[in-house]
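Take a look at the structure set out below.
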Number of protein chains: 2
Amino acid sequence: MAGRPKIKDIADMVGVSPATVSRALAGTGLVAEPTLSRIRETAAALDYRPNVSARNLRTQRSMAILLVVRDAGNPFYLEVFKGVEAAAREAGYSVLMGNTEDDPVRETEYFAMLGDGHADGMILMTGKLPAPNDTRATGDEPVVVALEMVEGSGYPHVVIDNHAAALSAVNHLIELGHQNIAHITGPLPEPMSQRRMEGYRTAMKLAGLAIREGFEQRGDYLLESGVQCCRALLALPVLPTAIFCANDEMAFGVIGELNRQGVSVPDDVSVVGFDDLFLSAAFQPPLTTVSQPRADIGRQAMTILLSRLSGAAVPDEPVVVATQLKVRGTTAPPKSLTTQHQGRHQ
Amino acid sequence: MAGRPKIKDIADMVGVSPATVSRALAGTGLVAEPTLSRIRETAAALDYRPNVSARNLRTQRSMAILLVVRDAGNPFYLEVFKGVEAAAREAGYSVLMGNTEDDPVRETEYFAMLGDGHADGMILMTGKLPAPNDTRATGDEPVVVALEMVEGSGYPHVVIDNHAAALSAVNHLIELGHQNIAHITGPLPEPMSQRRMEGYRTAMKLAGLAIREGFEQRGDYLLESGVQCCRALLALPVLPTAIFCANDEMAFGVIGELNRQGVSVPDDVSVVGFDDLFLSAAFQPPLTTVSQPRADIGRQAMTILLSRLSGAAVPDEPVVVATQLKVRGTTAPPKSLTTQHQGRHQ
DNA sequence: TTGAAAGCGCTACCAT
DNA sequence: ATGGTAGCGCTTTCAA
């Protein structure tokens, strides 16, 4: 009995057939009592663990799921991963993490891992499917899309209401008395960036506020673009008194640049972010931002995927999880509520 | 030919045996030219992908490795993951991420996944092995320990020189002219925290500086403990002019608390962290800290693991990767270089 | 309640 | 250079 014990070893020791051992260990309730206990004890004594490859081959399942993200270096995904992992392990699944780096080749590759026995299902957080000619993605693969939207794909979605969240963030600024509110967008025309921008526009419109020329700056979610856009904003004839950034990372870039230029946050300019990253609350001053329940999103996505995998029904409408505006230290009323009333131009 | 194509399907279509197909696709160079191309073309046409469970069962390998961390929610590990993942995929491996949450049960469980076909090897970042009575960890499992130290375990290690790094951080403060330098430790007696503390002590000693009573505060790497320790420091009869924190997260807690108490960083007090987290450079002011080449650590650990898995030799001395002190905005000379000379007491 | 045996899809050995 | 085939370890019919 060299090497790891196998089912046959237990069977031989106990004096039953491998089939009985398999049934006993699977807890099918089909094995009678004297035998059952002896099998269990022997298995424990040998420290037996079923070989997963053999089991997977036989059952045609891997008990693994694939979490595919755009950039595994972004801490944003970590919390999601945690939620996914927790729900997965409760159900006996392990989690493979895939990192596309926006590379279409990788996207296709990960998608293919669904079919080749690597994983039974997939949680997609990249916002896009591999090019249709590369795969036969029919829309009924066991895939759940989280946070992003893959329009018309037929997959279940777990999302936040980006439009409403952005709107509430901008409304907060408006309620503080701001009128010259700028927005730094994410990469357009990605739907997520689009929605947040539309939320900004809607809030402005509902408040009867004009969006001055140059007040919409186009960023790409990275720190450096926050810096650049901030510079562009500071070069404008009329300066904004508040800036709504499409994510926290850009907000940090903005705040850094404002400080460097001697502009105080929030005294001179208010800044709002989006994401509530790890340590955003620890920033100086603590960042006002839209908080996403990331672990919860992960957990929900995994739960839906598990239903899907067990053949149960899945929601055909996107599941919307609530966001929360965290008002912290980077927002305040504008310095001089009245001196900003220079009228509006388009 | 319903379902996914298998090797036999290709064999039938091309009119060769499954063995030949397997050899052709494996690129063994044992298949002659007219056949080779036809097999490849047919495989491509069918979009054939080998079933991994079958292959794994047959080859007794999973082509997966396990990256086990203490807390998957800590962005610190992300960069490491990226390095591991990159090196892994180059070699055709996938990466399973395991999250122990310091739970011994999970630690044992992940360790067991090494034997049951889940993974071929493991990169351990938890700093401890499962209790020895739970596992037959003999020290020659394919395990590489990264960043932490598992003394006397016999596994290859990839580490940083915590002592030297801490020493250089404190030296930087000393060179700026600081004498009253406090230290907030990690959780003791963990080796990593210990080493950093010893580095601090060595630097002080070499400079002939006394460590005043209360200048060593015991933290636990979490933000909140930075806040608490900072309060304790501020209650001391003689205030430190500089604080060396055993990680960035506590440094953020410290800076936040200093700000709240009206103490300016770095004008009144200098702060140095350790880790160089995502966004530490974007902090206001940008954090002076010890930068660890995380992706590189991950990559190196994976490279060693790959050697180990291919039967090659592995370093029997810990591989030490270089850290770098990033001098940024939270350190400056002490406010009044001379008024601090009140003599020393033990 | 238990056993016998087929077979998941692949690779690698032994032939030819 | 290619084919035949055993067998990796498990689960699951079918029979008893």
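Predicted model, so just to flag it, every value in this text is computed and none were measured. Just so we're on the same page: letters track the sequence lines, and every chain starts at 1.
- One can place CG of A:Asn56 at 15 Å from P of C:dC10, the figure rounded to the nearest angstrom.
- Contact check, A:Ser22 against D:dC10: no side-chain N or O comes under 4.0 Å of OP1 or OP2.
- The distance from atom CG of A:Asn51 to atom C1' of D:dC10 is 8 Å, rounded to the nearest whole Å.
- Residue B:Pro18 is the one, among B:Thr59 and B:Pro18, whose nearest nucleotide of DNA chain D lies closer to the 5' end (criterion: closest heavy atom).
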ask   = Which is it for A:Tyr93 and A:Arg61 under the side-chain contact (heavy atoms from CB on, under 4.5 Å) test, yes or no, and what are the steps along the way?
value = CA-CA 11 Å; A:Tyr93 280 80; A:Arg61 306 185 310 146; 3.9 Å; yes
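- Counting any heavy atom pair closer than 4.0 Å across all strands shown, B:Ala32 reaches sugar-phosphate atoms only and no base atom.
- With contacts defined as side-chain heavy-atom distances shorter than 4.5 Å, the pair A:Ile65/A:Leu305 qualifies.
- Atom P of nucleotide D:dC10 and atom CE of A:Met63 are separated by 16 Å, given to the nearest angstrom.
- A side-chain donor-acceptor contact under 3.5 Å links A:Asp120 and A:Ser62.
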inquiry  = Set out, in order, the CA-CA distance, both residues' side-chain angles and the distance that settles salt bridge (charged side-chain N to carboxylate O under 4.0 Å, His left out) for A:Arg70 and A:Glu190, then state yes or no.
reply    = CA-CA 13 Å; A:Arg70 206 195 298 263; A:Glu190 281 187 16; 3.6 Å; yes
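- Computed from coordinates, the A:Arg49 CZ to D:dG9 C1' distance equals 15 Å when rounded to whole Å.
- Residues B:Met122 and B:Met113 have side chains not in contact (no heavy-atom distance under 4.5 Å, counting atoms from C-beta outward).
- Between A:Leu30 atom CG and D:dT12 atom C1' the separation is 11 Å, expressed in whole Å.
- Residue B:Gln60 places at least one side-chain N or O under 4.0 Å from the OP1 or OP2 atom of D:dG9.
- Applying the 4.0 Å criterion to OP1 and OP2 of C:dG9, one finds that B:Tyr48 has every side-chain N and O outside that range.
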Validation: residues 296-304 of chain A side-chain donor-acceptor distances under 3.5 Å, sequence neighbours left out:
unit_1, atom_1, unit_2, atom_2, d
A:Arg299, NH2, A:Glu90, OE2, 3.3
A:Thr303, OG1, A:Arg299, O, 2.7

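- With axes fitted over five pairs at each extremity, the angle between the ends of the helix from C:dT1-D:dA16 to C:dT16-D:dA1 is 40° (10° resolution).
- In A:Arg106, the CZ atom is crowded: over 12 heavy atoms of neighbouring residues, nucleotides or ligands sit closer than 6.0 Å.
- If you take CZ on B:Arg40 and CG on B:Leu25, they are separated by 8.0 Å, rounding to the nearest 0.5 Å.
- As rounded to whole Å, 14 Å separates atom C1' of C:dG3 from atom NZ of A:Lys8.
- For B:Arg58, whose side chain is taken as the heavy atoms from C-beta onward, the closest listed nucleotide among C:dT11, D:dT12, C:dG9 is C:dT11.
- With contacts defined as side-chain heavy-atom distances shorter than 4.5 Å, the pair B:Thr100/B:Val68 qualifies.
- Rounded to whole Å, atom P of C:dT2 lies 11 Å from atom CZ of A:Arg38.
- Distance B:Ile7 CD1 to C:dC10 P: 5 Å, rounded to the nearest Å.
- A close approach under 4.0 Å does occur between a side-chain nitrogen or oxygen of B:Arg55 and OP1 or OP2 of C:dT11.
- A close approach under 4.0 Å does occur between a side-chain nitrogen or oxygen of A:Thr35 and OP1 or OP2 of C:dT2.
- In this structure, OH on B:Tyr221 lies 8.0 Å from CG on B:Asp275, to the nearest 0.5 angstrom.
- Sequence order on DNA chain C of the closest nucleotides to B:Ala26 and A:Leu36 puts A:Leu36 first from the 5' end.
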Check the interface with nucleotides 14-16 of chain C: list each N/O to N/O pair with the protein under 3.5 Å, or write none.
none

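- Relative to the side chain of B:Leu57, the nucleotides C:dG3, C:dG9, D:dC10 differ in distance, and C:dG9 lies closest.
- In this structure, the nucleotide among C:dC8, C:dT11, C:dG3 sitting nearest to the side chain of A:Ser17 is C:dG3.
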